[in-house]
Protein chains: 2
Amino acid sequence: MYEICTTCGKRSAASKFLSEVELENQANNCVELKFNKGDNIIRQGTLSSNVAFLKEGLVKLHMKGPLYEQITKITKAPSYLGLPTTFGDKINQYSVTAIEESIVCFIDMNVFKTFITNNPNFTYQLFIELCLNELTSFRRCVNRTQKQVSGSLAENLLYFANQIYESDEFTLPLSREEFGNLVDASRESVSRTLSDFQEDGIIKIDKKMIKILKKDKLEMISKNG
Amino acid sequence: MYEICTTCGKRSAASKFLSEVELENQANNCVELKFNKGDNIIRQGTLSSNVAFLKEGLVKLHMKGPLYEQITKITKAPSYLGLPTTFGDKINQYSVTAIEESIVCFIDMNVFKTFITNNPNFTYQLFIELCLNELTSFRRCVNRTQKQVSGSLAENLLYFANQIYESDEFTLPLSREEFGNLVDASRESVSRTLSDFQEDGIIKIDKKMIKILKKDKLEMISKNG
DNA sequence: GTATATTTGTGATCTAAATCACACCTCAAT
DNA sequence: ATTGAGGTGTGATTTAGATCACAAATATAC
């Protein structure tokens, strides 16, 4: 009883280039599923057989490291999920988990491949998006390794405010531990640093609610590491 | 007086899908340049106007971080250089520098774009390569942040031996400082750790010459962080 | 509601690696 | 050969952040 792709208002940028016929083809080879917070959408180590498109919601991409499960990225809808892991390897190289209630469309991979090999504009758009993603990963990786905890934490708070929620007040969708896995710090360091920020009047914390009070200061901390 | 693309034996995997006509078109819109060790091929912050293809040699990709210039990757020929930074942004988001004498073909971006929009097989191949690259970056980033210096160093020594030189004896193309920027450690830590490895009989060092003596041990150190 | 489990805050240690400091190489240029 | 400039090795010191430890707060189940 789900929306068909032709009339779906939450399509990907690339799919704007698909024809009516292609969209119908997609609609007939696609399943829409709802995931609750915490549900696994793609699991590292399993076969990747479908292209996943996040229609609504918020997810984390994460990968087993030698010590802990590292969160490589937070992605909000609309967005394809894990194209690299779907096309780069038969086996999923990372996991995707919902951190808020999410709706995902699973598109048959063969149908998706015919779009790629037949519709140059579609493919070009995907190509550009992949390039952008890789640039962002590079930047994130450099920052993550060079900044110290407060800088990385500030950067990620700003990311949630600016990119994800587009508001300076939001509910952090991660536990302190998970937030640590995103910024590469221990649970305790995250907790301490957030407390420090609050003491300095930079943010206001109430459990998972976070309100940014001095954005300029946070930006400075983020920038200077 | 350089080789024309149609007969070039060092073409990219993707270009195998180009027709004779397309290859001729490429040959007519392409410049081949030689770079010495240390020469800058792509500079972060400048406009990206050509697609760079590394025909011969070895390069490092590096990016300004808040503290130092981080080496994100070592790439050997044959390989496109910085497709993400060429297509993802008008301005180059990272630099590429030769670390051994290299030959690079600069292909006109508009010509390259016509391949992408007209030749689906070519584009699909590029797409797959981008996906693979992103998976590798993810893995590298996770390892880099979670492993400690000895683990990261071991990993990168193995990378040079297995992927770059395909030999257990090779000349490290980086200074200790640069090697540090690749593994996220200080010059001193790199030096110390290499000495430790030598003392344990795992490797033999003579200046920049490195010979791996106990590969299994190095693999263990790499794996266990 | 009470009980149990999970998440969180905060102080007290501990530690890997950065930084500092300095001597010694190596190599290029004069 | 002599000068100078990077590059390198190694000890001593410092430090950011991990880890340990435990209490308090929340969430979840019964």
Side-chain angles (χ1 to χ4, degrees), chain A residues 36-39 60 65-71 99-100 143-156 171-200 203-210 221-222 224-225, chain B residues 36-38 60 65-71 97 99 143-157 171-200 203-210 221-222 224-225:
Chain A
N36 291 316
K37 187 181 168 104
D39 287 351
K60 63 173 177 178
L67 299 175
Y68 57 89
E69 190 81 15
Q70 185 161 317
I71 299 181
I99 54 176
E100 282 180 4
N143 283 328
R144 199 207 294 258
T145 46
Q146 289 190 28
K147 285 183 184 173
Q148 47 196 65
V149 172
S150 58
S152 212
L153 209 65
E155 181 187 338
N156 280 279
T171 307
L172 195 68
L174 304 169
S175 71
R176 298 288 188 265
E177 171 108 51
E178 286 178 301
F179 202 19
N181 292 343
L182 178 63
V183 303
D184 283 305
S186 67
R187 201 206 95 217
E188 294 93 327
S189 291
V190 169
S191 186
R192 255 185 272 272
T193 311
L194 286 176
S195 297
D196 290 350
F197 284 174
Q198 175 155 248
E199 248 171 59
D200 296 346
I203 60 172
K204 164 118 189 51
I205 319 172
D206 179 17
K207 287 190 28 61
K208 303 237 169 182
M209 268 296 303
I210 292 197
I221 295 171
S222 165
N224 300 330
Chain B
N36 291 317
K37 186 179 169 107
K60 63 174 176 177
L67 298 175
Y68 56 89
E69 190 81 15
Q70 184 160 317
I71 300 181
T97 301
I99 54 175
N143 283 328
R144 199 207 294 259
T145 47
Q146 289 190 29
K147 286 183 185 174
Q148 46 194 67
V149 173
S150 57
S152 213
L153 208 66
E155 181 187 337
N156 279 279
L157 287 175
T171 307
L172 195 67
L174 304 170
S175 71
R176 298 288 188 266
E177 171 106 51
E178 286 178 301
F179 202 20
N181 292 344
L182 178 64
V183 303
D184 283 305
S186 68
R187 202 207 92 218
E188 294 94 327
S189 290
V190 169
S191 186
R192 254 185 271 272
T193 311
L194 286 176
S195 297
D196 290 349
F197 284 174
Q198 175 156 246
E199 248 171 60
D200 295 347
I203 60 172
K204 164 117 189 52
I205 320 172
D206 180 17
K207 291 190 25 59
K208 304 238 172 185
M209 269 296 303
I210 294 198
I221 295 171
S222 165
N224 300 331

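Just so you know, these numbers use all the heavy atoms, side chains as well, and skip hydrogens, waters and symmetry mates. Within every chain, numbering begins at 1; the chains are lettered A, B, ... in the order of the sequence lines, protein sequences first and strands thereafter.
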With B for base contact, S for sugar-phosphate-only contact and - for none (protein heavy atoms under 4.0 Å), nucleotides 10-15 of chain D reads BBB---
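Applying the side-chain hydrogen bond (donor to acceptor under 3.5 Å, both in side chains) rule to A:Gln146 yields the partners B:Gln70; only residues at least two apart in sequence or on another chain are considered. Listed by chain and residue number, A:Asp184 satisfy the salt bridge (Lys or Arg N to Asp or Glu O under 4.0 Å) test with A:Arg144 (two or more places apart in sequence, or in another chain). Among residues two or more places apart in sequence or in another chain, the side chain to side chain contact (heavy atoms under 4.5 Å, CB included) test is passed with B:Asn143 by A:Pro66, B:Lys147, B:Glu155. The salt bridge (Lys or Arg N to Asp or Glu O under 4.0 Å) test applied to B:Glu69 returns no partner, not counting sequence neighbours. Considering only residues two or more places apart in sequence or on other chains, A:Glu100 meets the salt bridge (Lys or Arg N to Asp or Glu O under 4.0 Å) condition with none of them. Partners of A:Ser150 according to the side-chain hydrogen bond (donor to acceptor under 3.5 Å, both in side chains) rule, which considers only residues two or more places apart in sequence or in another chain, do not exist here.
Of the residues in residues 143-150 of chain A, those placing a heavy atom less than 4.0 Å from an atom of DNA chain D are A:Gln148, A:Val149, in numerical order. Of the residues in residues 174-184 of chain B, those placing a heavy atom less than 4.0 Å from an atom of DNA chain C are B:Asp184, in numerical order.
B:Leu153 CG to B:Gln148 CD: the interatomic distance, rounded to the nearest 0.5 Å, is 12.0 Å. Rounding to the nearest 0.5 Å gives a distance of 6.0 Å between CD1 of A:Ile205 and CD1 of A:Ile210. Here the straight-line distance linking atom CG of A:Asp206 with atom OG1 of A:Thr171 works out to 9.5 Å at 0.5 Å rounding. Distance check: A:Glu177 CD to A:Arg187 CZ gives 7.5 Å after rounding to the nearest 0.5 Å. Going from atom CG of B:Leu172 over to atom CE of B:Met209 covers 10.5 Å, rounded to the nearest 0.5 Å. Atom CD of residue B:Gln198 and atom CD1 of residue B:Ile203 lie 6.5 Å apart, to the nearest 0.5 angstrom.
Put simply, the side chain of A:Ile71 does not reach to within 4.5 Å of the side chain of A:Phe179, judged on heavy atoms.
A sub-4.0 Å separation between OP1 or OP2 of D:dT8 and a side-chain N or O of B:Lys208 is present.
Across the protein-nucleic acid pair, B:Leu172 atom CG and C:dT26 atom P stand 17 Å apart, rounded to whole Å. Taking atom CZ of residue A:Phe197 and atom C1' of nucleotide C:dT10, one finds them 17 Å apart after rounding to whole Å. Put simply, CD1 on B:Ile210 is 11 Å from P on D:dT8, counting in whole angstrom units. Rounded to a whole Å, the CG atom of B:Leu194 is 10 Å from the P atom of D:dT8. Residue A:Asp196 contributes atom CG, which lies 11 Å from atom C1' of C:dT10 at whole-angstrom precision.
One end of the helix from C:dG1-D:dC30 to C:dT30-D:dA1 points its axis 50° away from the other end's axis, with each axis taken from 5 pairs and the angle rounded to 10°.
Contact between B:Ala154 and B:Ser222 at its shortest, heavy atoms only, is CB-N, 3.8 Å.
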Donor-acceptor contacts under 3.5 Å from residues 190-197 of chain A side chains, at least two apart:
residue: A:Thr193; atom: OG1; partner: A:Ser189; partner atom: O; Å: 2.6
residue: A:Ser195; atom: OG; partner: A:Ser191; partner atom: O; Å: 3.0

Between the protein and nucleotides 23-29 of chain D, list every N/O to N/O distance that falls short of 3.5 Å.
residue: D:dA27; atom: OP1; partner: A:Lys207; partner atom: NZ; Å: 3.2

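A donor-acceptor contact shorter than 3.5 Å links the side chain of A:Lys208 to the backbone of A:Leu174.
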